[in-house]
Protein chains: 4
Amino acid sequence: DHMTSESRLMTYGKGDVFAYRTFMPPLTGLQQIPESTFEGKSNTVFGVNASIEIGGKAFLPSFAEGDNSLVVATDSMKNFIQRHLADYEGSTLEGFLDYTARRFLEKYTHVDTIKMTGVEVPFESAVGIKNGESSSSDLVFKRSRNEQARSTVSLERINEKMEVTGHSSEITDLQLVKVKGNSFVGFIRDEYTTLPEDGNRPLFIYLNIGWTYENQQDSLGTNPLNYVAAEQVKDIASTVFDEIESPSIQYLIYLIGCRVLERFPQLKEVTFQSQNRTWDVVVEDIPGSEGKVYTEPRLPYGFQRFSVTKDDLNTSAKKAVTSDTYK
Amino acid sequence: DHMTSESRLMTYGKGDVFAYRTFMPPLTGLQQIPESTFEGKSNTVFGVNASIEIGGKAFLPSFAEGDNSLVVATDSMKNFIQRHLADYEGSTLEGFLDYTARRFLEKYTHVDTIKMTGVEVPFESAVGIKNGESSSSDLVFKRSRNEQARSTVSLERINEKMEVTGHSSEITDLQLVKVKGNSFVGFIRDEYTTLPEDGNRPLFIYLNIGWTYENQQDSLGTNPLNYVAAEQVKDIASTVFDEIESPSIQYLIYLIGCRVLERFPQLKEVTFQSQNRTWDVVVEDIPGSEGKVYTEPRLPYGFQRFSVTKDDLNTSAKKAVTSDTYK
Amino acid sequence: DHMTSESRLMTYGKGDVFAYRTFMPPLTGLQQIPESTFEGKSNTVFGVNASIEIGGKAFLPSFAEGDNSLVVATDSMKNFIQRHLADYEGSTLEGFLDYTARRFLEKYTHVDTIKMTGVEVPFESAVGIKNGESSSSDLVFKRSRNEQARSTVSLERINEKMEVTGHSSEITDLQLVKVKGNSFVGFIRDEYTTLPEDGNRPLFIYLNIGWTYENQQDSLGTNPLNYVAAEQVKDIASTVFDEIESPSIQYLIYLIGCRVLERFPQLKEVTFQSQNRTWDVVVEDIPGSEGKVYTEPRLPYGFQRFSVTKDDLNTSAKKAVTSDTYK
Amino acid sequence: DHMTSESRLMTYGKGDVFAYRTFMPPLTGLQQIPESTFEGKSNTVFGVNASIEIGGKAFLPSFAEGDNSLVVATDSMKNFIQRHLADYEGSTLEGFLDYTARRFLEKYTHVDTIKMTGVEVPFESAVGIKNGESSSSDLVFKRSRNEQARSTVSLERINEKMEVTGHSSEITDLQLVKVKGNSFVGFIRDEYTTLPEDGNRPLFIYLNIGWTYENQQDSLGTNPLNYVAAEQVKDIASTVFDEIESPSIQYLIYLIGCRVLERFPQLKEVTFQSQNRTWDVVVEDIPGSEGKVYTEPRLPYGFQRFSVTKDDLNTSAKKAVTSDTYK
């Protein structure tokens, strides 16, 4: 989880570097998929909460001796990031992080490793008027606190060259509920079991879905046909949820992962962190309605951590489920 | 701000009573306005975080003597609220609160005052498939953490009758940015002034907008033509923001308030709590672009609290601004 | 809850103005009480999160016409507050707020009303060494996120004079648990009741306790013998909780309020906002131990809002309880 | 960072399992050190927020086929944890986690890996009365939201035996300020540098300090002389901070790490996550005082991640600093 250019953990950096750029080049030309109508982004407002973490043997004296002579002040890192957002000529979060990380390694040659992380600050279109009609405004946007993209890239200077040692793209904090058509039965019952079986429950999940590319260059968006937008992954997730009768979150995320890999063969792996936040029922029957009344669950929550790779696409069982729908 | 049935503050209640109802009757038949295409809600998932606060002389012995004989346990209040969400036959937050508050006063005749508050737990449509096409799902919804409706109603038993002593509807936590076309100049400059004038800034505002009806019954949604949806007020706010070159937040909210009252003559007053969260510029010029790079502002934030009434509609100055656009 | 110099709500101001002053004059010379050993504060670090809110007829054109000529920029207010913390010669939160509010009204004569609020940023002593012994450090402090003092003062310019229109001191966010010796029985049982009676429960409460002085000048700390420190009120609260077998939170806060007024006759009223956050039991019996295992309660929480005045001190019932202990 | 019993990430579990036990056996008999007077804990209230995460090949069908037959419901895990807190006969967080994890692996033999994490819910003594004197209450405690202990243990079933694959103890969220006597000078100055040098600044740091034992059994507290309490590490941190004139956070944490390892030779490594939250100065000079006025820094914050091992103890430079003080 942390970076070491050697055996000892020794890095430092700057967190919560917020940067907003207006009128950045738009993202267009994405590959279209059946599960999503998402076509791109205007990038009229591009917002990111970035962090930078660097390492290198040269920094040992700053720790062991209090010698600051090779220290890049973290305040300078903040300036570096913000100015490079102005210089960046692309249209994606991944591209901006990769660009800035590479320039940083070029500028400071005593730095061996760098990890840059960016969390999108999402802005949705707001209503304005055009030609006297209600429409999306070109200038007013709504800041969203819902799901957001997140990306990370790690580089290391090896034999004078910069090597990618890690990268990922993610959609985080997605909260989805399906109001019926989910079950959870057949699990182990013993002296620690108090949960009843349930053949038709609502299912409320929190999802973080991450993906890595076979080739990290495809993640930058320079060739938009190979770029996977977080919005597309989000739409696949809700579509698969909508389609199936899920017997568990486990199975649901397995199918979502397979579908993502099926749509985007340029990806290598899809990773999930999911949580179960399903409500508790308080009124079972409402006369004349199929509705019920529920309440917030007690605090402990179940979670899963799981990854799906292309090997999973060859399993026959789920193939049926994943390929039928759109044929 | 607090309720007293007498001179002494003496109330108690239950907070954070979450209740979700599925397949509640939809909200339809709203008055249409030029600034919004909002037509109603499916109410497939209706979520509310409710609170209840009651008062009455009868409760003094529970405080002064530890005598619980007239105490309605707050746990029972929670049950009362959740069960009445099942019984409620309408389609609005305001209607549910009013219905439940009245039933509570009927049931517990030693209670003199009641205040019920509800904060919407908003769900947005998520993508699913219909007939092989990507479309809004009927069963899967996304929980939103963005702006939300909020409503309150206060009742008091006076001479055996229940009187409405207060009510309000609100849209809260709306966060809007307009990326250019805003100024702030001409303010007082003295020895405490370090802020420069700015003739063209982005403007980032947080908004709570509340409204009260001339007749509280109109707030319940029984006659949907007289009901004002939080979504409509939100759309008016962004539309007015989009239209004008604002010299200050003060003037902007004044115009929003006037527009709301103009569209909805059934309202009596519109109240604002606004905050200024405008970014600080860090890169002024990006060659070949009108864009800039900004960063999060330092923590102190400016705010306004202001109400607009129908008297304001007669001021000529702003009439021009508010009525032109759609004519 | 809000300030109006006239019928319309029309104020503006600055929130989250953080200011820290080092080596401020210490607070000493407090009246000692049996329930507390608190004697004063070094004020080596004094931290406050302040807000300011001003009103006046002169501000109407800034809203209705976008005329900023009489607007004190909220950025200037921030500067005003921070510089007056340097000038303040006293030792208390209340004194600082009162001092700054009065200077502000003097400086800006078109301002009619001002409300200043301060929330303490508390620092606790941390361990250091003195003469080779572990002891409290004079220079290192721990920032606490626990309970904190809060104070507010409202002034209005009436006939050229500044009148105090409101003031309060508070200890907020105090979280106390008593592990046994509390009951809750004898409340109303009906079709909405599912809570069992409990004759010996732990009781976990959140407390905000506020107080006002008969004479606001006593709140400033100029005469420390008349000043009531938030730490003293906190100690009274836990002492009374420790002493009694409480049949309800209602009765507990009543007794705390009486005790505070008994110790500090310079006060006029004590006000409570309390919450019940009592755990749920999950293991009733642990062989060989009087202990039990509990878990966090479900989300809805009960609350009380209550005030106690000197009239309550004459009730005989509780007199016995409150005066015995220290005699 | 995550557990895999094989190449694929595949685990699940339960988070936010809150459990409180009253009257647990006290912790006594700790090794005393010069930097701390901490001697132990009453454990009248022991609170923990626990999580459990399990893995194993047996769980693949639950993901790939929706087959729940080998699934231990996470609700059952919650029950397991809470009941084992009642059964646990020791006195430490680490001991409880280790005990429960081992019982879990014994009970469910198809589970290959388990990771248990516990975050202390800290309770501080509150004031009560004893024999008419103000004193620490035996029954009333204050819940603290300040720094807290955190511990984790990972076990894996290898050849029918349970092996420890990871463990750590930590003190987290410690926030310390030293009001003078810190500098930051001599760092790289270039076109990205805007931060001035500062020869005497306050220094505000957030600290997470973790430690691992040479022998994981020593972490359980069964032999309290070998146990290192989070309170002792905290006291070492503030004492070293108090002692030195720090030229940077880097050097400060290096010295803290060395001191911890010097005092506790049973430890193997000390790990830091530190943040710089130093205030910005707003008033430099207050006549007649060495004090200043500061304000909250802008949001981006610097951070360090660093580990210290016994190899560092042999460096001569810092030896002088660390061993002088108490001789």
Side-chain angles (χ1 to χ4, degrees), chain B residues 1-2 8-18 53 59 62-80 83 107 184-188 190 192-195 246-248 250-251 253-254 271 275-276 299-307 309 312 315 317-318, chain C residues 1-2 8-18 53 59 62-80 83 107 184-188 190 192-195 246-248 250-251 253-254 271 275-276 299-307 309 312 315 317-318:
Chain B
D1 186 34
H2 52 247
R8 181 208 290 269
L9 170 65
M10 182 173 64
T11 67
Y12 78 110
K14 199 80 167 178
D16 279 349
V17 181
F18 282 88
E53 182 173 1
F59 297 111
S62 72
F63 289 88
E65 298 162 34
D67 174 353
N68 295 330
S69 60
L70 288 177
V71 170
V72 181
T74 63
D75 188 74
S76 305
M77 295 179 190
K78 176 256 297 172
N79 293 336
F80 193 97
R83 294 183 199 171
K107 170 72 185 169
F184 186 52
V185 301
F187 49 86
I188 291 174
D190 60 23
Y192 294 105
T193 314
T194 53
L195 185 76
S246 79
S248 68
Q250 273 89 332
Y251 187 54
I253 61 179
Y254 183 77
T271 300
Q275 296 182 11
N276 186 348
L299 233 196
Y301 62 90
F303 65 85
Q304 293 77 32
R305 312 218 294 154
F306 189 64
S307 64
T309 66
D312 292 300
T315 308
K318 134 248 59 161
Chain C
D1 187 34
H2 52 247
R8 181 206 292 269
L9 170 66
M10 181 174 65
T11 66
Y12 78 109
K14 199 80 167 178
D16 279 348
V17 181
F18 282 88
E53 182 173 2
F59 297 111
S62 72
F63 288 88
E65 298 162 33
D67 175 354
N68 295 330
S69 60
L70 289 177
V71 170
V72 181
T74 62
D75 188 75
S76 305
M77 295 179 190
K78 176 255 301 172
N79 293 335
F80 193 97
R83 293 183 199 169
K107 170 71 185 170
F184 186 52
V185 300
F187 49 86
I188 292 174
D190 61 22
Y192 294 104
T193 314
T194 54
L195 185 76
S246 79
S248 69
Q250 273 89 332
Y251 188 54
I253 60 180
Y254 184 78
T271 300
Q275 295 182 11
N276 187 348
L299 233 195
Y301 62 90
F303 65 85
Q304 294 77 30
R305 310 219 295 153
F306 189 64
S307 64
T309 67
D312 292 301
T315 309
K318 137 249 55 170

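Protein chains get the first letters and strands the later ones, always in sequence-line order, with residue 1 at the start of each.
Ranked by heavy-atom pairs under 4.5 Å with chain B, the first of C:N276, C:D75, C:V185 is C:D75. Listed options C:V72, C:L70, C:T194 were ranked by heavy-atom pairs under 4.5 angstrom with chain B; first place goes to C:T194. Ranking C:T74, C:L299, C:V17, C:D67 against chain B, the residue ahead of the rest is C:L299, based on heavy-atom pairs under 4.5 Å. The candidate with the highest count of non-hydrogen atom pairs below 4.5 Å against chain B, out of C:Y301, C:F59, C:F184, is C:Y301. For chain C, the option among B:K78, B:Q275, B:R83 with the highest count of heavy-atom pairs below 4.5 Å is B:R83.
For the residue pair B:D190/B:T193, the side-chain donor-acceptor check at 3.5 Å is satisfied.
Ring centers of C:F63 and B:Y254: at least 6.0 Å apart, outside the cut-off.
Interface residue C:T271: only side-chain heavy atoms are found under 4.5 Å from chain B.
Atom CZ of C:R305 sits about 6.0 Å away from atom CG of B:L9, to the nearest 0.5 Å. Rounding to the nearest 0.5 Å gives a distance of 10.0 Å between NZ of C:K14 and CZ of B:F303.
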>> Before you tell me yes or no, could you show the steps for C:F306 and C:Q250 under side chain to side chain contact (heavy atoms under 4.5 Å, CB included), namely the whole-Å CA-CA distance, both residues' side-chain angles and the distance that decides it to 0.1 Å?
In response: CA-CA 8 Å; C:F306 189 64; C:Q250 273 89 332; over 6 Å; no
